[in-house]
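The next block holds one structure in the form of structure tokens; read it before the comments.
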Amino acid sequence: MTPKAVYWDMDGTLIDSEPLHDEALVSAMRSVGIAPPADLHERVLGIAAWPVYEMMRDEFGLKLPYDDWIRRKYSYYLEHAPRLKPRPGALEIFRDLQRLGVAQAIVSNSDRLIVDANLRAVGIVEPGFKTVSRNDVAEGKPHPEPFLRAAWLTGIDPADTFVMEDSFTGSRAGLAAGMRTIFWPERPMKGPEGALVAATAEDVRRLLGLL
């Protein structure tokens, strides 16, 4: 039985944008003489822009004010955003749910201009489509506020909702919001306690009742 609503994380879950986020971050770091660590991707996955800036400042000695720093990262990102593609299998699931009349929304820890650029790149420009960016809430993931805002926007009870996530940060937010949460990481791994783990798009379809 399919859910009444599905709320999608964007970066890495619906759209294969994590590599571009990494490229943009590395470009910004190198522009100020900071060498990116080997585990950079793991350290920033699912984390919003401000906590990443705090890490750059506190651990790597970044001296730039936040606005100057984020301008460097986003300039690179937005220049290359048109090349983005959906995560394999994800957009097909999104469209199948759409045809079934399931309410859907994007719930992202990215800023509004990144959310909008990403959705344009993969052709999701829908009248009335609900999106929640980091700019729309007081607390980002792993706080449940972003997903609870999506529930308010769509008018669907959290108990009737599935969350789609690729990170522990986002999965914890979905679980804290009282929503059934599918953890679909970029590579197979054990998920957060309470999450439903998917290794493939077919697993996702099965968990959503599409098979």
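Look at Arg149 and Asp136 and you find no salt bridge, because none of the NZ, NE, NH1 or NH2 atoms lies under 4.0 Å from a carboxylate O. Ion pairing between a basic and an acidic side chain is recognised when a charged N comes within 4.0 Å of a carboxylate O; Arg112 and Asp116 show such pairing.
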Would Thr161 and Val6 count as a side chain to side chain contact (heavy atoms under 4.5 Å, CB included) if you check the C-alpha gap in whole Å, the side-chain angles of each, and the deciding distance to 0.1 Å? CA-CA 6 Å; Thr161 297; Val6 176; over 6 Å; no

Working note: Ile124 + Phe94, criterion side chain to side chain contact (heavy atoms under 4.5 Å, CB included); need CA distance, chi angles, decisive distance, verdict. CA-CA 10 Å; Ile124 301 177; Phe94 178 90; 4.2 Å; yes

Hey, mind stepping through Ile114 and Leu78 against side chain to side chain contact (heavy atoms under 4.5 Å, CB included) and telling me if it holds? CA-CA 7 Å; Ile114 299 297; Leu78 293 170; 4.1 Å; yes

Using the side chain to side chain contact (heavy atoms under 4.5 Å, CB included) rule, take Thr200 and Val204 through it: C-alpha gap first, then chi angles, then the decisive distance, then the call. CA-CA 7 Å; Thr200 66; Val204 172; over 6 Å; no

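Residue Phe168 belongs to a hydrophobic cluster whose other members are Phe183, Met189, Val197, with links defined by side-chain heavy atoms closer than 4.5 Å. Cluster partners of Leu45, using a side-chain heavy-atom cutoff of under 4.5 Å among ILVMFWY residues and allowing indirect links: none.
Using modelled atom types, one side-chain atom of Asn109 and one backbone atom of Gly46 make a donor-acceptor pair closer than 3.5 Å.
Every residue two or more places apart in sequence or in another chain that forms a ring pair (Phe, Tyr, Trp, His ring centres under 6.0 Å) with Trp50 is listed here: Tyr53, Tyr66. Legend: residues meeting side chain to side chain contact (heavy atoms under 4.5 Å, CB included) with Asp16, ordered by chain and number and at least two apart, are Pro19. Here Arg72 pairs with Ala28, Ser31, Val32, Leu64 under the side chain to side chain contact (heavy atoms under 4.5 Å, CB included) rule; sequence neighbours left out. Looking at residues two or more places apart in sequence or on another chain, you find a side chain to side chain contact (heavy atoms under 4.5 Å, CB included) between Ile47 and Pro51, Val52, Thr169. Legend: residues meeting side chain to side chain contact (heavy atoms under 4.5 Å, CB included) with Thr181, ordered by chain and number and at least two apart, are Val163, Ser171, Leu175. Residues that satisfy the side chain to side chain donor-acceptor pair (under 3.5 Å) test with Ser167, not counting sequence neighbours, are absent from this structure. Judged as a side chain to side chain donor-acceptor pair (under 3.5 Å), and not counting sequence neighbours, His80 has no contacts.
Using modelled atom types, one finds no donor on one side chain facing an acceptor on the other under 3.5 Å when comparing Ser133 with Asp111. With 3.5 Å as the limit, one finds no donor-acceptor pair spanning the side chains of Ser27 and Tyr77. Defined by atom type and a distance below 3.5 Å, a donor-acceptor pair is present between the side-chain atoms of Trp8 and Gln104.
Pairs engaging residues 152-163 under the salt bridge (charged side-chain N to carboxylate O under 4.0 Å, His left out) rule: Lys4-Asp160 [sequence neighbours left out]. Contacts classified as salt bridge (charged side-chain N to carboxylate O under 4.0 Å, His left out) and involving residues 87-107 (residues at least two apart or in different chains) are given here: Arg95-Glu126, Asp96-Arg99, Asp96-Arg205. Residue pairs meeting the salt bridge (charged side-chain N to carboxylate O under 4.0 Å, His left out) criterion with at least one partner in residues 38-50, sequence neighbours excluded, are Glu42-Arg187, Arg43-Glu59.
Of the residues listed (Arg57, Met29, Lys63), the one engaging Trp69 in a side-chain contact (heavy atoms from CB on, under 4.5 Å) is Met29, and it is the only one.
The CD1 atom of Ile182 sits 13.0 Å away from the CG atom of Asp166 when rounded to the nearest 0.5 Å.
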